[in-house]
2 protein chains.
Amino acid sequence: MLVRIDFSSDEAFYVQLKNQIIMGIATSEIREGESLPSVRDLAEDIGINMHTVNKAYSILKQEGYLKLDRRKGAVVCLDADRLRTIEEIRFLLKGTVAKALCRDVSKAELHELLDEVFEEFNGIRKASGADSIQ
Amino acid sequence: MLVRIDFSSDEAFYVQLKNQIIMGIATSEIREGESLPSVRDLAEDIGINMHTVNKAYSILKQEGYLKLDRRKGAVVCLDADRLRTIEEIRFLLKGTVAKALCRDVSKAELHELLDEVFEEFNGIRKASGADSIQ
DNA sequence: GTTCTTGTTATACTTCTCATATAACAGATT
DNA sequence: AATCTGTTATATGAGAAGTATAACAAGAAC
């Protein structure tokens with residue numbers, strides 16, 4: 001999986017890494033059960049410190065994306081805590097809708113944008129041989 | 001408008017304030033043309049420093065939500081820069097969809113959640129006498 | 001014109017996070 | 001035994017967050 005850190009971004013390295021791994025899981029670039037590189041290897045690959053990678057991994061573990069093990073960093077999606085997930089998504093949508101309403105972006109337009117984003121994901125998934133989302 | 005800072009939150013005070021103001025504009029609790037309290041008054045009201053409030057106001061100005069003036073902090077939504085808004089919303093949705101896909105939350109469920117959030121906003125708008133969104 | 005309030009800017013200080021670096025430990029693999 | 005893994009501890013430098021005090025310039029009120 002390709003990870004690239006934007007060193008001139010104002011976003012923390014560990015946050016960038018965390019988001020890119022989530023994106024990788026979402027697009028099936030990394031699949032359940034597959035291992036991520038070791039903290040030391042990945043750190044050297046992308047040019048940041050071991051502890052920064054470890055921080056990203058730890059948070060992803062805490063948020064239910066990874067299960068860490070000595071000798072492999074196994075990917076574990078489907079935390080089964082569906083209620084918490086729904087609550088998180090509702091929270092994120094709330095912020096997005098608020099910004100949309102301030103700019104007179106309509107409900108219909110938001111639904112359209114949501115569909116477009118889904119299509120974008122399907123494009124990436126198709127390229128890596130994953131099933132599409134209907 | 002009611003603003004409340006969570007002092008035990010890990011979210012920065014100026015970010016909390018910024019988000020609550022955006023939420024206030026979205027729910028029509030604050031309407032276009034209306035003034036927010038002065039940085040000094042609001043700071044004292046919610047128990048934080050003047051500069052922290054000023055930071056929130058400055059960012060809101062930069063992001064096109066406020067137009068600042070000596071003697072009033074006028075609310076100005078509708079930055080007209082619609083393209084930038086759409087791009088921002090698309091970016092936010094991308095992150096939300098990614099998290100949803102990791103947890104097997106379907107496209108249909110996301111659309112439902114979006115409708116629910118809209119209904120939530122309409123409830124608040126109705127209570128403050130604003131028009132509903134259809 | 002004077003006074004008051006406004007946003008704005010400058011400076012200084014403390015506390016915390018981010019990122020790095022070096023080092024060591026314990027479990028698992030080879 | 002040697003090696004690699006996640007994990008923890010400690011230290012350091014850079015920057016952000018938040019506070020504090022102070023001053024400036026433009027508009028409002030008297």
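Proteins get letters first, then strands, A, B, ... in listed order; numbering begins at 1 in each. Heavy atoms only: backbone and side chains are in, while hydrogens, waters and symmetry mates are out.
Within residues 6-20 of chain A, no residue places a heavy atom under 4.0 Å from DNA chain D.
Heavy atoms from other residues, nucleotides or ligands lying under 6.0 Å from NZ of A:Lys107 number more than 12. The local environment of CD in A:Glu44 is sparse, with at most 12 non-hydrogen atoms from other residues, nucleotides or ligands closer than 6.0 Å. Surrounding CG of A:Asp131 are at most 12 heavy atoms belonging to other residues, nucleotides or ligands under 6.0 Å away.
Look at CD1 on B:Ile59: it is 12 Å from P on D:dA16, rounded to the nearest Å. For A:Leu42 and D:dG6, the CG to P distance is 10 Å, given to the nearest whole Å. Between A:Ile48 atom CD1 and C:dA21 atom C1' the separation is 14 Å, expressed in whole Å. A:Glu44 places its CD atom 12 Å from the P atom of C:dA21, with the value rounded to the nearest Å. Taking atom OH of A:Tyr57 as the reference point, atom P of D:dT8 lies 16 Å away to the nearest angstrom. The distance from atom CD1 of A:Ile5 to atom C1' of C:dT20 is 15 Å, rounded to the nearest whole Å. Taking atom CG of residue A:Leu36 and atom C1' of nucleotide D:dG6, one finds them 13 Å apart after rounding to whole Å. Distance, B:Gln62 CD to C:dT8 C1': 15 Å, rounded to whole Å.
Under 3.5 Å, the side chain of A:His51 and the base of D:dA9 form at least one donor-acceptor pair of N or O atoms. For A:Arg40 against D:dT7, a side-chain N or O and a base N or O form a donor-acceptor pair under 3.5 Å.
Classification of the B:His111-A:His111 ring pair by plane angle, with boundaries at 30° and 60°, yields parallel.
Heavy-atom nearest nucleotides on DNA chain C were determined for A:Thr52 and for B:Asp41, and the one closer to the 5' end corresponds to B:Asp41.
Not one side-chain nitrogen or oxygen of B:Lys55 sits closer than 4.0 Å to the OP1 or OP2 atom of D:dG18. Of the side-chain N and O atoms in A:Ser38, one or more sit less than 4.0 angstrom from OP1 or OP2 of D:dT5. At least one side-chain nitrogen or oxygen of B:Lys61 sits closer than 4.0 Å to the OP1 or OP2 atom of C:dT8. Residue A:Asn49 places at least one side-chain N or O under 4.0 Å from the OP1 or OP2 atom of C:dA21.
A donor-acceptor contact under 3.5 angstrom links the side chains of B:Ser8 and B:Asp6, judged on distance only. Between the side chains of A:Glu88 and A:Thr85, not a single donor N or O lies within less than 3.5 Å of an accepting N or O.
In this structure, A:Arg125 and A:Ser132 have side chains that are not in contact, with every pair of non-hydrogen atoms separated by 4.5 Å or more.
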